[in-house]
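Structure record follows, encoded as structure tokens.
In what follows, every chain begins at residue 1, and chains take the letters A, B, ... in the order their sequences are listed. What you see below is based on every heavy atom in this structure, not just the backbone, and it leaves out hydrogens, waters and symmetry mates.
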Amino acid sequence: MSATAISPVAAVPTVRRRRVARLHARIGTAGMVAVAFLAVVALAAILAPLIAPNPNAEDLLNITAGPSLGHPLGTDELGRNLLSRLIWGARTSLLGPLIVIGAATGVAVPVAAVAGWRGGAVDLAISRLLDLMFAFPGLLLAILVVALYGTGLVPCSIALAISYMPWIARVARSGIVRERHKPYIAAAEVQGVSGFAICVRHLIPNISSIIWSQVTISFGYALVDLAALSFLGLNIQPPTSDWGVMVNNENALLDGHPVEVLYPCLLIVLCVTAVTYVGNRLASEEERRAR
Amino acid sequence: MSAVVAESLCKTFRVRGEAGRVHHEFVAVDDVSFTVARGASLGIVGESGSGKTTIARMLSGLERASSGTIAVADRDRSTPVRSSGERRRRGRELQIVFQDPYTSLDPRQSVGACLEEVLRLHTQLDRAGRRSRILELLDSVGLDERHASSLPRALSGGQRQRAAIARALAAEPIVIVLDEAVSALDVSVQAQVLNLLGELRARTGVAYVFISHNLAVIRQVTDEALVLRRGRVVERGPTETVLDAPAHEYTQRLLASVPVPGWDPHAVCGRAPAERAR
């Protein structure tokens, strides 16, 4: 064997291959199906400009049409291609939760690391502050932010990110507290590794699976919350296609053409179910290992 | 120049009672002093709760002494570190190997990456230099390059403990504290690791502070021994003398507690079998 075998870089491919097998072992076949479904939706959203025609193009001769070759899922009451609107809608519908979860996790994990690593009074102060934040309902905060800064995806997402942060921080903190007193952390301390490097290189990677499970579950909630905000008319504004906006189409219901509301509902339910299922499997697996 | 000088070390833990009030104070280590010469090996023996591990934690800086001083290589380490340079310097002076080989290595880090991290921190070696040093370290503890890419879970208890020893050696410390380092290993593996420790000391001139409840282990790897009871030193001297001709009654009982053919546990407890049967 050559000397390169010991380099951490050379060890990466095997680790990656192991990762897929390990994910399958953790979340099961159903979980992998859920992941595949989400991947397809995400890919469709990313490739929307290439695969889907203009979602706002109106075909007034073909309103509330049934499925056809040109409009695989039919059209809405303005003759807009439903499939195209769903695909374009996936962009904002998935981007919103991504912003929410990304921002919330980006703040929560460092906060949790400081609390768990320092312990004592710092931990106490941070934990009580998080408790305070728990008391504030996310949707209410979002409505307040919209009142101050106007409607749109960014204000809504940031407001939700603030209210989601303590949930992720609390879970991450408990994981860090559990890991903090293990001998491998003490060994790194005795080596002279800085507290920051210990957190980044050892503590946080070792609680990544509980962070992941919390993140996936929160993603589902954020998707529903943002859709609710769109439904209330505070988030994405029509005519931009968004699943939440599409659900809010009372005309469709009055016109006796409910499919255009049902499709986005179904997609929201499927996405949330898939994400939550994967998150729950990760969480229960983590719990099983911790014992 | 001594490797370790510990003077009147004390550690008091405040035990919280109900409602978070200070209930009482527990003295874990009470006025313990010792010196370890360079390249020497000191054994610290005692039953569970005698303060052995607290001493190890104070030596390595994981716990602060309530009073007393510790110096390693004539440099004081009783106060908390003030700079990252000092923290690294202390790492190059004293290293520790823990009891449990299953939790003392990062489960996500391969053995090679673990050693690489230490070498990056303490040496100026370039990539190739670190690589050959990793192989050298693995070789010195009886592992080879195949183990470098293994995660700890793929290794046996003995191999993990060897990896932990390699990590401790990587910074070329003056002292290694071994806190019950072989107690979790089965007997044949224990013997191999003890032999390895003996060899390493002869070759590198590192000093050991060897903490154990196992008298046979202490006899094999140490020159001097301290007997600790309830945080106090009850006896000290050359290991042979302490174990073969114990002066203190507690040491005698500790020795008598080791099961041998014809051993009578009741005699050690100081109770007659008839009394116990009742």
Side-chain angles (χ1 to χ4, degrees), chain A residues 1-19 21-22 25 117-121 124 175-176 178-212 285-286 289-291, chain B residues 57 59-63 81 84-118 120-122 127-128 130-132 134-135 138 144-152 164 167-168 170-171 173 177 179:
Chain A
M1 196 189 273
S2 71
T4 50
I6 58 131
S7 123
V9 178
V12 164
T14 44
V15 169
R16 193 166 294 163
R17 217 176 307 145
R18 259 188 244 144
R19 231 169 238 176
R22 229 162 60 203
W117 175 254
R118 299 295 296 274
L124 199 72
I176 285 173
R178 199 184 65 209
E179 213 65 21
R180 164 93 177 84
H181 294 289
K182 291 197 175 162
Y184 75 91
I185 298 295
E189 280 186 86
V190 176
Q191 283 291 352
V193 182
S194 67
F196 178 78
I198 291 177
C199 287
V200 171
R201 280 190 236 145
H202 300 287
L203 272 177
I204 294 171
N206 276 294
I207 59 155
S208 60
S209 61
I210 61 170
I211 296 179
W212 270 114
E285 190 67 13
E286 177 61 29
R289 286 162 139 224
R291 280 198 200 116
Chain B
R57 291 180 65 84
L59 286 174
S60 56
L62 292 167
E63 201 87 65
V81 281
S84 58
E86 192 184 352
R87 191 169 49 223
R88 283 197 296 273
R89 204 201 65 219
R90 286 188 187 182
R92 282 191 293 273
E93 288 167 357
L94 182 141
Q95 278 302 315
I96 188 164
V97 176
F98 294 100
Q99 171 172 11
D100 183 3
Y102 291 90
T103 53
S104 61
L105 297 171
D106 185 339
R108 291 179 159 259
Q109 204 175 32
S110 72
V111 174
C114 171
L115 296 176
E116 167 101 12
E117 185 183 5
V118 179
R120 260 176 202 275
L121 192 69
H122 292 298
R127 227 176 112 89
R130 286 199 298 271
R131 196 178 295 167
S132 65
I134 289 170
L135 289 181
L138 287 174
D144 57 46
E145 58 183 285
R146 272 177 305 141
H147 299 111
S149 51
S150 321
L151 290 175
R167 175 179 60 190
V177 177
D179 184 8

Restricting to side chain to side chain donor-acceptor pair (under 3.5 Å), what partner residues turn up for B/S150, sequence neighbours left out? none
Residue pair B/H122 / A/Q191: nearest heavy atoms and the distance that separates them: NE2-O, 2.8 Å
Under 4.5 Å from a heavy atom of chain A, the part of B/L121 involved: side chain
Closest heavy-atom pair, B/F98 versus A/A186, reported as atoms and distance to 0.1 Å, is CZ-CB, 3.6 Å
If you compare all heavy atoms of A/A187 against all heavy atoms of B/S104, which two are closest, and at what distance to 0.1 Å? CB-O, 4.5 Å
Cut-off 4.5 Å, heavy atoms of chain A, and the answer for B/Q109 is side chain
What part of B/S60 gets closer than 4.5 Å to chain A, counting heavy atoms only: side chain, backbone, both or neither? both
To the nearest 0.5 angstrom, please state how far the NZ atom of A/K182 sits from the CG atom of B/L105. 12.5 Å
Contacts of type side chain to side chain donor-acceptor pair (under 3.5 Å), residue B/R87, not counting sequence neighbours: none
Atom CG in B/D106, atom CD1 in A/I198: separation rounded to 0.5 Å? 10.5 Å
Going from SG on B/C114 to NE2 on A/H202, what distance comes out if it is rounded to the nearest 0.5 angstrom? 7.5 Å
Counting heavy-atom pairs under 4.5 Å to chain A, which of B/A164, B/A171, B/P107, B/S84 comes out on top? B/P107
Scored by heavy-atom pairs under 4.5 Å with chain A, the best of B/H147, B/R90, B/R167, B/Q95 is B/Q95
